[in-house]
Amino acid sequence: MADIAGLLAALDGIEVSTDRALLRQKSRDFYWYSPILKAILDGKAGELYARPKDEAEVLRILAACRAARVPVTTRGGGTGNYGQCVPLEGGVILDMTAMAKPISLTDGVVDVECGMKMIDLDLWARDQGWELKLWPSTKRTATIGGFVAGGGAGVGGIAHGTMRERGNLVGARVATMQDPPVVLDLEGDDASPVNRTYGTTGIMTRIRLPLTPAQEWRDIAIGFEKFTDASAFALALAFADGIPKKMCAVFDSQLPPFFRAIADSVPAGQSLVLTMVAPSGLRALRDLARDHNGTFLVEQSTVEAERDPDKTPFYEYCWNHTTLQVLKKDRGVSYLQCRFPFEDTLAAIEAVRVPFRDEVWMHTECVRFGGRTTMSALPVIRWTSAERMHEIMAAFEAVGIGIANPHVLTIEEGSNYRRVPGDQLGFKQRTDPLGLLNPGKMRDFVPAETTPA
Ligand SMILES: Cc1cc2nc3c(=O)[nH]c(=O)nc-3n(C[C@H](O)[C@H](O)[C@H](O)COP(=O)(O)OP(=O)(O)OC[C@H]3O[C@@H](n4cnc5c(N)ncnc54)[C@H](O)[C@@H]3O)c2cc1C
């Protein structure tokens with residue numbers, strides 16, 4: 001147990017709480033998608049909630065926690081899927097959502113406080129003619145700090161790859177757990193150790209990101225009698241350099257009935273493609289759909305839909321929202337994250353979709369990795385047991401499909417192809433020698449300093 005009374009005295013003037021209901025609520029994320037993680041994480045909670053309003057308060061909190069040897073688990077929107085912001089060893093929950101202002105936008109680079117919601121950041125940039133290159137399907141609830149530290153893939157991936165591509169993170173200001181805690185201003189490759197390391201290597205206070213010129217994206221739903229036609233169409237769209245697009249997802253016919261606002265528009269038994277395309281590409285998209293036996297079913301403005309709380313932008317049926325849409329009606333499913341080979345991509349999808357069709361409902365997303373285009377997938381999987389989930393993963397891997405296992409807690413075990421290059425372990429040994437930042441999430445870390453408090 002941490003010395004909460006001592007911490008409260010040291011944090012005088014900062015927004016803090018010991019309310020148990022609040023602590024329970026702020027110690028959770030969406031780990032419950034995984035029955036394996038649910039069994040491990042249910043009931044874990046922090047002991048003190050702190051919500052700093054600026055960098056100086058972050059440093060005060062870190063200094064007090066270091067002095068008292070209290071762990072700190074950072075939290076943005078709390079939408080992570082792998083228990084990234086669930087404290088394994090109690091301590092302080094550091095909520096970054098009061099630090100939510102844009103600082104500047106110059107030459108297409110935005111400098112922003114990391115607790116800002118991504119939707120707010122995108123709409124702010126859009127007013128100046130720019131938009132985010134990448135966002136998760138949780139854009140309306142997630143923070144930019146949480147996306148960089150805990151996510152990193154999603155809408156925009158068909159054009160810009162993931163956050164692990166060099167250049168997609170320009171820089172960050174990072175508060176450390178050294179003696180005393182300091183703020184480092186990191187640029188380029190030097191910022192990689194805080195990219196997708198679950199807040200184990202430092203607390204980002206500000207982030208600099210490259211933007212891209214804003215487009216009036218159209219959400220388009222296209223139906224196909226055959227999954228293979230839908231899949232071939234999607235990959236052809238991904239490779240169609242003349243058609244500006246932000247997203248393209250494919251769903252086997254079991255899934256569209258779970259997509260509330262469009263389910264009635266998709267004929268029973270059809271596979272579905274949901275895509276976001278710029279107005280200039282719409283005619284070419286129709287021609288491409290015709291060549292693959294696709295029928296336009298629904299069209300709407302993405303930006304109008306995301307500004308309206310009663311509407312659903314199509315990206316909220318894609319990426320890991322697909323699983324959520326099914327879970328809303330059927331708690332008996334879970335999911336996987338995988339990436340198909342760059343060559344013979346469609347054949348690899350069929351090699352697992354067909355034999356497992358009763359329990360694996362295929363959902364793929366077009367994405368670029370290292371300059372090459374392929375498809376990743378978040379298939380919805382009928383849950384039977386952990387053993388069965390591991391059998392399915394092994395069967396996928398046997399045909400050359402990479403798995404980023406979403407049923408594990410540590411960066412090393414879960415990342416696979418999503419791991420950001422760089423010496424994250426060496427960086428943590430310098431910035432968090434006591435191992436107080438989100439302990440238990442970096443498997444290979446051994447504390448360098450072992451002096452008791
Ligand atoms: C329905 C659904 C759909 C999703 N779709 C996607 C998707 O398309 N793409 C994707 O990448 N992810 C997706 N996710 C996962 C998650 O929503 C995103 O990764 C999101 O960007 C996380 O942001 P957050 O603010 O909620 O982070 P949190 O969950 O609060 O935190 C995530 C991690 O980042 C750390 N962290 C937060 N802020 C900071 C900071 N300032 N400094 C250092 N560490 C910090 C936390 O400690 C934690 O380890 C999805 C999740 C759900 C539930």
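Each ligand, and each atom within it, is numbered from 1 in the order the structure gives.
- In terms of the ring pair (Phe, Tyr, Trp, His ring centres under 6.0 Å) criterion, residue partners of Phe224 (sequence neighbours excluded) are, by chain and number, Phe233.
- Residue-ligand proximity, Arg75 to ligand 1, at heavy-atom distances under 4.0 Å covers atoms 30 (O).
- Looking at Gly78 next to ligand 1, an N or O pair under 3.5 Å apart turns up.
- Both the backbone and the side chain of Pro136 come within 4.0 Å of ligand 1, counting heavy atoms alone.
- Protein heavy atom closest to atom 50 (C) of ligand 1, with residue, atom name and distance, is Asn81 OD1, 3.3 Å.
- Within the 4.0 Å heavy-atom criterion, the part of Leu324 lying near ligand 1 is the side chain and not the backbone.
- No more than 12 heavy atoms of other residues, nucleotides or ligands shown are found within 6.0 angstrom of CZ on Arg166.
- Closest heavy-atom approach to atom 40 (C) of ligand 1 among the candidates Thr162, Thr74, Thr138: Thr74.
- Between Phe30 and ligand 1, a contact under 3.5 Å exists for no N or O pair.
- The contact set between ligand 1 and Gly152, taken as ligand atoms under 4.0 Å from a residue heavy atom, comprises 11 (O).
- Residue-level proximity to ligand 1 for Asn438 is carried by the side chain, the only part with a heavy atom below 4.0 angstrom.
- Summary of contacts: the protein heavy atom closest to atom 41 (N) of ligand 1 is Met204 O, 2.9 Å.
- Taking the six-membered ring where tryptophan is involved, the planes of Tyr33 and Phe30 are perpendicular, since the angle between them exceeds 60° and thus also 30°.
- Residues Asn320 and Thr323 bring a donor and an acceptor atom of their side chains to less than 3.5 Å of each other.
- Screening Trp217, Phe147, Tyr315 for a ring-ring contact (aromatic ring centres under 6.0 Å, His included) with Trp135, the sole residue that qualifies is Tyr315.
- Regarding atom 37 (C) of ligand 1, its nearest protein heavy-atom neighbour is Gly146 CA, 3.5 Å.
- Polar contact with ligand 1: absent for Met96 (N/O pair, distance under 3.5 Å).
- Residue Ala153 has at least one nitrogen or oxygen atom sitting less than 3.5 Å from a nitrogen or oxygen atom of ligand 1, judged on distance alone.
- The environment of CD in Glu304 is sparse: at most 12 heavy-atom neighbours from other residues, nucleotides or ligands sit within 6.0 Å.
- Residue contacts with ligand 1: Asp29 is placed with no nitrogen or oxygen under 3.5 Å of a nitrogen or oxygen of the ligand (distance criterion only).
- Using a 4.0 Å cut-off between charged nitrogen and carboxylate oxygen, Glu57 and Arg51 do not count as a salt-bridge pair.
- Taking the centre and axis of the six-membered ring of Phe445, the NZ or CZ atom of Lys428 falls inside the cone set by 45° and 6.0 Å.
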Please report, to 0.1 Å, the donor-acceptor pairs under 3.5 Å made by any side chain of residues 118-125, with sequence neighbours excluded.
| unit_1 | atom_1 | unit_2 | atom_2 | d |
| --- | --- | --- | --- | --- |
| Asp122 | OD1 | Leu132 | N | 2.8 |
| Asp122 | OD2 | Lys139 | NZ | 2.7 |

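- At a heavy-atom cutoff of 4.0 Å, ligand 1 is contacted by both the backbone and the side chain of Tyr198.
- Geometrically, Arg331 engages Trp32 in a cation-pi contact, judged by NZ or CZ lying under 6.0 Å from the ring centre and within 45° of the ring axis.
- Of all the atoms in ligand 1, the ones that sit under 4.0 Å from a non-hydrogen atom of Cys114 are 41 (N).
- For ligand 1, the polar-atom distance check against Thr73 finds no nitrogen or oxygen pair separated by under 3.5 Å.
- For atom 48 (C) of ligand 1, the closest heavy atom belonging to the protein is Gln84 CB, 3.4 Å.
- At a threshold of 4.0 Å, the pair Glu55-Arg173 counts as salt-bridged, since one of the basic side-chain nitrogens sits closer than that to a carboxylate oxygen.
- For ligand 1, the polar-atom distance check against Ser137 finds a nitrogen or oxygen pair separated by under 3.5 Å.
- On a distance-only criterion, Gly154 and ligand 1 share no N/O pair closer than 3.5 Å.
- The residues Arg140 and Glu316 are annotated as salt-bridged, a charged nitrogen and a carboxylate oxygen being separated by less than 4.0 angstrom.
- Summary of contacts: the protein heavy atom closest to atom 45 (C) of ligand 1 is Ala149 CB, 3.5 Å.
- Near Gly151, meaning under 4.0 Å from any of its heavy atoms, are these atoms of ligand 1: 11 (O), 19 (O).
- Salt bridge absent: Arg206 and Asp185 never bring a charged side-chain N and a carboxylate O closer than 4.0 Å.
- For ligand 1, the atoms lying closer than 4.0 Å to a non-hydrogen atom of Gly202 are 43 (C).
- In terms of polar-atom proximity, defined here as any N/O pair under 3.5 Å, His321 makes no such contact with ligand 1.
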